[in-house]
Enquirer: 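One structure coming up, written as structure tokens, with questions to follow.
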Amino acid sequence: MKPSPFAYAKPADLAEALRLKADHGDDGTFIAGGQSLVATLNMRLSSPDILIDIGGVTELSGIEVSDGSVRIGALTRHRDLEDSPDIKTHAPLIAEAIAQVAHPAIRNRGTMGGSIAFADPAAELPACILALDGAIEIAGPDGRRKVAAGNFFKGLYDTDLGTGEMITAVEFAADSDDWRTGFDELARRHGDYAMAGLAARLRMDGDSIAEARLVYFAVGDKPMLATGAGGELAGKPLSAETIEAAAASLDSDLEPFDDLHSSAAMKLHLARELTRRVLTKIAGGAQ
Amino acid sequence: MSNRITITAQVNGETVTRDVEPRQSLVDFLRENLELTGSHVGCEHGVCGACTVRMNGEIVRGCLTLAVQADGAEVETVEGLSDTGEIADLQDAFLRLNAIQCGFCSPGMLITAAELLDRNPAPDRTQIREFIAGNYCRCTGYQTIVDAIEAVAKERRG
Ligand SMILES: Cc1cc2nc3c(=O)[nH]c(=O)nc-3n(C[C@H](O)[C@H](O)[C@H](O)COP(=O)(O)OP(=O)(O)OC[C@H]3O[C@@H](n4cnc5c(N)ncnc54)[C@H](O)[C@@H]3O)c2cc1C
Ligand code: FES
Ligand code: FES
């Protein structure tokens, strides 16, 4: 299908982008990579009066590492994350996840900011940013603010972004040597949205786990931090028994619902299996 | 429409300037305004890969890119890549090894394969499969496409 008509503006900088958005309110929509938005326009699921193309706001691009923290500009493309040595070193979780995000042609245009703002419950990057305990940096008519990822994702395609606001970057601490990370997902075809996925980070204190952040995606209305399973692991070594205990406690952490491809029971089964696979792999790598 | 926008792009090495509607996709622009019908239109929501073209040296979905976003860009289609001979060996291998049947997927498949070999001159079969996973082929069953790409990778390495 073809989209209904809209006007188009390409602001040169952030101030102009925010001003255009303020002028048009809910009738104006930001477009970054367009890899989710244009599909919804083509299907006429949305019909804004004007697209505000932030592709020219170059100040929003780029990956910076300084003082132990990583900052990824909203316009940074999936492809840039894939090719970045800094991401490989300081955020191996994202390096591992990014190859599972869509397909090469889509990664060449899709952006971090678009993925976070779109907040698809099956998307990899929101889950990674939550596992990294990151923050979302937002600019709006009232200036800038930061929101913890844990408070940003509200529900199905729903976030803390207000009308007139824009994501400018995401930020998180670079992984120190005591963190172990693992990522896996089950999808019907490589590059498709997952049926279930897990982004996991464990902070080790010698042989025992000091802290576990297990974030499941595509099993709820937003990325889910499994606090019960994390609690099962804390203070214990990573062994077959503790892994099994973590997998078992997902019953109370997750409340999946049926979707087109799988029932809630199947999603829970897949989440448990991913727990075993990812944690067993981390345990193997740690030896 | 009153809100047409003038864009200038390099398409297959030639500078073109046209007025476009903001809602027109890049692939429709190429096909309808420039009569470059080698790029195909299938799903129009990013899933099938038939519309794959190159923009500023990288593959993109022609159906998820707006023509206005190609303003100032360099665009290459299967016509251009055929004329320069850049993908001649891939085209030859696709024919030789039966990787083409109806041909609907082929332009997108060839351009995607070209980017793969550019980024990874020695892909294994799994890597080939993963890279072309975003391009549907309804005819061949993919085996022969993987064969053809693998063969060209070997030939290019000599
Ligand atoms: C076939 C297909 C398969 C895909 N598979 C996956 C997958 O497996 N996993 C996955 O994660 N994604 C997948 N995607 C989506 C892809 O990753 C998108 O690139 C991403 O979701 C959105 O990024 P974008 O830059 O293209 O955003 P756009 O499409 O430009 O925008 C998406 C939404 O975010 C808003 N927005 C964009 N940038 C900002 C900003 N800086 N501040 C505020 N709002 C903003 C827009 O207004 C719009 O509402 C797939 C897409 C396709 C077409
Ligand atoms: S027509 Fe563009 S991906 Fe199908
Ligand atoms: S040859 Fe017919 S779709 Fe691929």
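Please read all numbers here as calculations on a predicted model, not as lab measurements. Every chain is numbered from 1 and lettered A, B, ... according to where its sequence line falls, protein lines coming before strand lines. Note that these values count all heavy atoms, side chains included, but never hydrogens, waters or copies made by symmetry.
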Enquirer: Which residues in residues 81-120 of chain B have a heavy atom less than 4.5 Å from any heavy atom of chain A?
Expert: B:Glu115, B:Arg119
Enquirer: Under the side-chain hydrogen bond (donor to acceptor under 3.5 Å, both in side chains) test, which residues partner A:Asp120, sequence neighbours left out?
Expert: A:Tyr157
Enquirer: Tell me if the aromatic rings of A:Phe217 and A:Phe153 count as close, with their centers under 6.0 Å from one another.
Expert: no
Enquirer: Where do A:His103 and A:Gly191 come nearest, in terms of heavy atoms and distance?
Expert: CE1-CA, 3.7 Å
Enquirer: In plain terms, say whether A:Arg79 and A:Glu82 are close enough for a salt bridge, that is, a side-chain N and a carboxylate O under 4.0 Å apart.
Expert: no
Enquirer: Under a 3.5 Å cutoff, is there a donor and acceptor pairing between the side chains of B:Gln24 and B:Asn33?
Expert: yes
Enquirer: Would you say that B:Met55 contacts B:Glu74 through its side chain, given a criterion of any heavy-atom pair below 4.5 Å between the two side chains?
Expert: no
Enquirer: Would you please test B:Arg31 and B:Asp28 for salt bridge (charged side-chain N to carboxylate O under 4.0 Å, His left out) and show each step?
Expert: CA-CA 5 Å; B:Arg31 290 176 55 84; B:Asp28 281 346; 5.3 Å; no
Enquirer: Of A:Leu14, A:Leu161, A:Ile138, which is the lone residue that meets side-chain contact (heavy atoms from CB on, under 4.5 Å) with A:Met166?
Expert: A:Leu14
Enquirer: Would you confirm whether B:Arg23, through its side chain, and A:Phe6, through its main-chain N or O, come within 3.5 Å as a donor-acceptor pair?
Expert: no
Enquirer: CD/A:Glu185 to CG/A:Leu274 distance, rounded to the nearest 0.5 angstrom?
Expert: 9.0 Å
Enquirer: Taking A:Arg276's backbone N and O only, do any of them form a donor-acceptor pair with A:Thr280's side chain (distance below 3.5 Å, no angle check)?
Expert: yes
Enquirer: Given the options B:Glu58, B:His45, B:Gln69, which has more heavy-atom pairs under 4.5 Å with chain A than any of the others?
Expert: B:Glu58
Enquirer: Give a yes or no on whether the backbone of A:His78 and the side-chain of A:Arg107 come within a donor-acceptor separation of less than 3.5 Å.
Expert: no
Enquirer: Give, as side chain, backbone, both or neither, the part of B:Asp71 having an atom under 4.5 angstrom from any heavy atom of chain A.
Expert: neither
Enquirer: Report, by ascending residue number, the residues of residues 145-158 of chain B in heavy-atom contact with chain A at a distance under 4.5 Å; give 'none' if the set is empty.
Expert: none
Enquirer: Tell me if a side-chain donor or acceptor on B:Asn3 pairs with a main-chain N or O of B:Pro22 at a distance below 3.5 Å.
Expert: no
Enquirer: Out of B:Arg61, B:Arg54, B:Glu44, which one racks up the most heavy-atom pairs below 4.5 Å with chain A?
Expert: B:Glu44
Enquirer: Could you pull out the closest heavy-atom pair between A:Tyr193 and A:Ser36, with the gap in Å?
Expert: OH-OG, 4.2 Å
Enquirer: Taking only heavy atoms into account, what residues of residues 127-142 of chain B are found under 4.5 Å from chain A?
Expert: B:Glu130, B:Phe131, B:Ala133, B:Gly134, B:Tyr136
Enquirer: Report which part of A:Thr40 has an atom under 4.5 Å of a heavy atom belonging to chain B: side chain, backbone, both, or neither.
Expert: neither
Enquirer: Give, as side chain, backbone, both or neither, the part of A:Ile31 having an atom under 4.5 angstrom from any heavy atom of chain B.
Expert: side chain
Enquirer: Can A:Ser61 and A:Thr76 be counted as having a side-chain donor-acceptor contact under 3.5 angstrom?
Expert: no
Enquirer: Does any backbone or side-chain atom of A:Leu41 lie under 4.5 Å from a heavy atom of chain B? Answer side chain, backbone, both or neither.
Expert: neither
Enquirer: Could you verify whether a donor N or O on one side chain and an acceptor N or O on the other, from B:Asn12 and B:Thr77, lie under 3.5 Å apart?
Expert: yes
Enquirer: Checking heavy atoms, do the side chain of A:Asp53, its backbone, both or neither come under 4.5 Å from chain B?
Expert: side chain
